[in-house]
Amino acid sequence: MLLACAALWGASYLVAKDVISVIPPQWLMTIRTGGACLIMLLIFHKQIIPSLKPTIVVPALVVGATYYATMVLQTNGLRTIDSGRSAFLTASYCVLTPFAAWLALRQRPGLLNVVAAVICLIGVGLVSLKPGTSSVSLSQGDVMTLLCAVIFAINLTYLGVYSKRFNALAVTFVQFAVAFVCFLIGALFTEPRPTGAWLDAPVVTGVLYLLLGATTLGQIMQNTGLKYLSATNASILMCTESLFAQLFSSVFGGERIGGVTILGFAFIFAAVLLSVVGREAVLRLLHGYSKRKWHHWM
């Protein structure tokens with residue numbers, strides 16, 4: 001289920017890139033968040049409605065506003081960069097989350113987090129190298145996507161805090177609800193009005209995939225899969241989202257990437273894995289390796 005969820009989310013980058021060529025980003029996210037709210041109310045209203053009390057207003061504003069910012073940056077960044085590139089740059093949020101927790105909750109990151117951040121920074125540097133030169137160049141889309149990762153790390157930090165204080169489904173619902181209002185206002189004031197092109201079959205199919213597949217089904221599969229695996233194993237499987245995104249982008253989107261960019265992606269993915277497996281897992285791995293090596297010599 002978690003691998004299928006990662007594949008659904010990975011494919012969503014390519015689908016979203018095609019859809020936003022017709023539907024502007026904030027209108028697309030208005031549809032996605034509004035639809036998600038309706039679906040969640042339909043399925044989980046017994047858990048959500050009793051939790052909608054005044055005490056959840058501030059958490060709703062925090063997670064909703066940060067989610068809005070991440071998706072605006074990511075979808076607008078997708079307009080100018082390839083979907084696979086967007087997925088790997090976005091994945092750096094895993095590395096940044098411990099530092100966001102440090103700023104927000106005063107939880108100091110460990111040495112492993114610092115090492116992962118350095119590896120991730122090297123990866124971003126390799127990805128941003130101009131082909132055939134040694135000069136670094138980040139496009140506007142790259143910068144927006146990296147900013148998306150920074151704010152997403154903040155969003156996840158507060159989601160973790162509020163999900164422990166309130167019903168997790170209710171927190172997710174109010175996040176979507178606040179973001180829906182922000183997206184709708186932003187779309188009305190900054191983007192062109194809906195047109196008949198939005199009803200073309202490929203566009204409708206893409207929107208339905210993003211709403212029902214990537215948002216609703218993906219979330220259900222994630223929540224179900226997490227019941228049967230440890231957090232470490234689950235995180236590793238979910239990290240494959242960026243690999244699936246690059247695979248779909250290369251096979252179906254015709255995206256071509258050079259050797260240096262692939263190396264940069266590898267560094268970013270290694271940093272993400274290092275962040276999610278944690279210090280204890282690394283120590284167990286090293287301990288197991290040393291025991292095998294000693295047994296070999298004996």
Aromatic centroids of Phe176 and Tyr67 separated by under 6.0 Å: yes
Side chain to side chain contact (heavy atoms under 4.5 Å, CB included) partners of [X], counting only residues at least two apart:
{"X": "Val174", "value": "Leu52, Ile56, Ala60"}
{"X": "Gln26", "value": "Tyr68, Val72, Phe183, Ala187, Thr190, Glu191"}
{"X": "Leu38", "value": "none"}
{"X": "Ile39", "value": "Ile43, Leu211, Leu212, Thr216"}

How long is the span from the [atom1] atom in [X] to the [atom2] atom in [Y], to the nearest 0.5 Å?
{"X": "Asn76", "Y": "Gln140", "atom1": "CG", "atom2": "CD", "value": "8.5 Å"}
{"X": "Arg79", "Y": "Gln74", "atom1": "CZ", "atom2": "CD", "value": "13.5 Å"}
{"X": "Leu159", "Y": "Thr66", "atom1": "CG", "atom2": "OG1", "value": "7.0 Å"}
{"X": "Tyr209", "Y": "Leu14", "atom1": "OH", "atom2": "CG", "value": "9.5 Å"}
{"X": "Leu78", "Y": "Leu73", "atom1": "CG", "atom2": "CG", "value": "11.5 Å"}
{"X": "Phe269", "Y": "Ile262", "atom1": "CZ", "atom2": "CD1", "value": "14.5 Å"}

query: Taking it one step at a time, do Thr205 and Leu208 satisfy side chain to side chain contact (heavy atoms under 4.5 Å, CB included)?
result: CA-CA 5 Å; Thr205 302; Leu208 288 175; 5.8 Å; no
message: Test: side-chain hydrogen bond (donor to acceptor under 3.5 Å, both in side chains). Region: residues 28-47. Which pairs qualify, not counting sequence neighbours?
response: Arg32-Thr215
Work out which heavy atom in [X] is nearest to a heavy atom in [Y]; give both atom names and the distance.
{"X": "Met221", "Y": "Leu8", "result": "SD-CD1, 4.0 Å"}
{"X": "Ser51", "Y": "Asn167", "result": "OG-CB, 3.4 Å"}
{"X": "Ala214", "Y": "Trp9", "result": "O-NE1, 2.5 Å"}
{"X": "Ser92", "Y": "Ala149", "result": "OG-CB, 3.4 Å"}
{"X": "Ala179", "Y": "Gly64", "result": "CB-O, 3.9 Å"}
{"X": "Ala153", "Y": "Tyr93", "result": "CB-O, 3.9 Å"}

- prompt: Is there a donor-acceptor pair under 3.5 Å between the side chain of Thr172 and the backbone N or O of Ala168?
  reply: yes
If Ile, Leu, Val, Met, Phe, Trp and Tyr residues are connected whenever their side-chain heavy atoms lie under 4.5 Å apart, and connections chain through other members, are [X] and [Y] in the same group?
{"X": "Val178", "Y": "Val63", "answer": "no"}
{"X": "Phe166", "Y": "Met40", "answer": "yes"}
{"X": "Phe248", "Y": "Leu3", "answer": "yes"}
{"X": "Ile23", "Y": "Leu199", "answer": "no"}
{"X": "Phe173", "Y": "Ile49", "answer": "yes"}

field: Worked verdict on Tyr13 versus Glu241 for side-chain hydrogen bond (donor to acceptor under 3.5 Å, both in side chains)
entry: CA-CA 10 Å; Tyr13 287 87; Glu241 173 188 343; 3.2 Å; yes
- line: Given the options Ser12, Ser249, Ser250, Ser83 meets side chain to side chain contact (heavy atoms under 4.5 Å, CB included) only with Ser249
- prompt: Between Phe99 and Trp102, what is the ring plane arrangement, given parallel below 30°, perpendicular above 60°, and tilted in between?
  reply: tilted
Residue pair [X] / [Y], side-chain heavy-atom distance below 4.5 Å:
{"X": "Asp200", "Y": "Val22", "answer": "no"}
{"X": "Val115", "Y": "Val118", "answer": "no"}
{"X": "Phe152", "Y": "Leu96", "answer": "no"}

- prompt: Does one side chain, of Gln175 or Asn155, offer a donor that lies under 3.5 Å from an acceptor on the other?
  reply: yes
- prompt: Tell me the salt bridge (Lys or Arg N to Asp or Glu O under 4.0 Å) pairs involving residues 139-166, sequence neighbours left out?
  reply: Arg85-Asp142
